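First up is the structure itself, then whatever we jot down about it.
Here the structure is a predicted model, which means the values were calculated and not measured. Indexing begins at 1, ligand by ligand and atom by atom, following the structure's order.
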Amino acid sequence: LFSTKGLIASAALAMTVTAAQAQDVTLRGASMFDEEHAFTITLRKFEELVAENYGGDIAFDLRLNGELGVESDYVTYLNQGVAVDYTILAPSNMAVFSESIPLMDMPFLFRDLDHWDAVLSSDTLTPLEDDLREAAGIVIVGYTGGGVRNLASAEPITNMEELAGHRMRVMGAPIQAQTFSATGAAPSAIAYNEVYNAIQTGVIAGFENEAASIQNLKFYEVAPHISLTQHTITVRPIVMSAKIFDGLPTDLQDAIMAAGAEAGSFGRALESGQDGEKLQEMIDAGQITVHEFDGRDTMLELVQPVQDAYAAELGATELLTAIRGM
Ligand code: MAV
């Protein structure tokens, strides 16, 4: 008798615990940076907004400073639905799974911040999002970014002659290497966490990046010369693993989508607004020397046919035309 009662009691307890656990959701995020970087601040904002929008219990476990690797690692994790549930990714780091996604992040795609903002505030990029979900199992919940990418190198690169043969690191998407090859440089795809050493040891002479990340990861120590090519305004999707997202209750999915949109526009205002400031801070600290680049128009001319060919190959000519026409 006694043992039967005990059994019933523990079964009831087990049920209560299971029901409670089913409501508790913990999502794990990843950032390559510390708390100061715009990406981390944006992910914190995202967490805050999801919690606010959602009625149930939810917790976040955001791992910083590249503890879980770099973006090219996160992509695989998101695809498999392991280790990382949400993060911010450069489209060019997702090329392994989706050939078309890097189109939204091509150098020289946007004329200026207004153009970039207009495209990101529209639904022009939906076909690329659909392909990413289908091919990579990655859901875009919002768009942040807004940093301007420039060349950062051990020696100054100030014109097309100096750019010729320049050994520089680019992100993994083929379109990135094709773009910089067309300008005469000698690009190679190297993992982000190997760039610092590769420059230090002379394997490459530089790379290209935005101010926030050059500052946060102290790339200026090995690449103190910034050449204002201003070739990219970054588009950085806030993403989730579809395997995880699809398993969440619908009201949480809705809370996430709303939070992603809002955190994205928060992050875009933040990073685009602080881009010049970050450069100035590094100048003032004696960390970088900034050079004008004489030849940006020539670069643009050389790159456009490469963009056209890439879009044609993807069957995305109409999309590229729509983006350019906005
Ligand atoms: C910057 O840190 C960010 O744009 C990040 O999203 C990229 O992955 C990285 O550069 C890079 O160049 O790989």
Is there a donor in the side chain of [X] and an acceptor in the side chain of [Y], or the other way round, less than 3.5 Å apart?
X: Glu208; Y: His231; result: yes
X: Asp308; Y: Gln304; result: no
X: Ser31; Y: His37; result: no
X: Glu129; Y: Tyr143; result: yes

Candidates Thr87, Asp105, Thr144 - the one meeting side-chain hydrogen bond (donor to acceptor under 3.5 Å, both in side chains) with Arg236:
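So, applying the side-chain hydrogen bond (donor to acceptor under 3.5 Å, both in side chains) to Arg236 and each of Thr87, Asp105, Thr144, only Asp105 qualifies.
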Heavy-atom cut-off of under 4.0 Å around ligand 1: list whichever protein residues fall inside it, by chain and number.
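Within 4.0 Å of ligand 1, protein side: Met32, Phe33, Phe39, Glu71, Ala90, Asn93, Arg149, Arg169, Met171, Tyr192, Asn209, Glu210, Ser213, Arg236.
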Charged N-O contact under 4.0 Å between Lys278 and Glu210:
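Salt bridge between Lys278 and Glu210, a charged N being under 4.0 Å from a carboxylate O: no.
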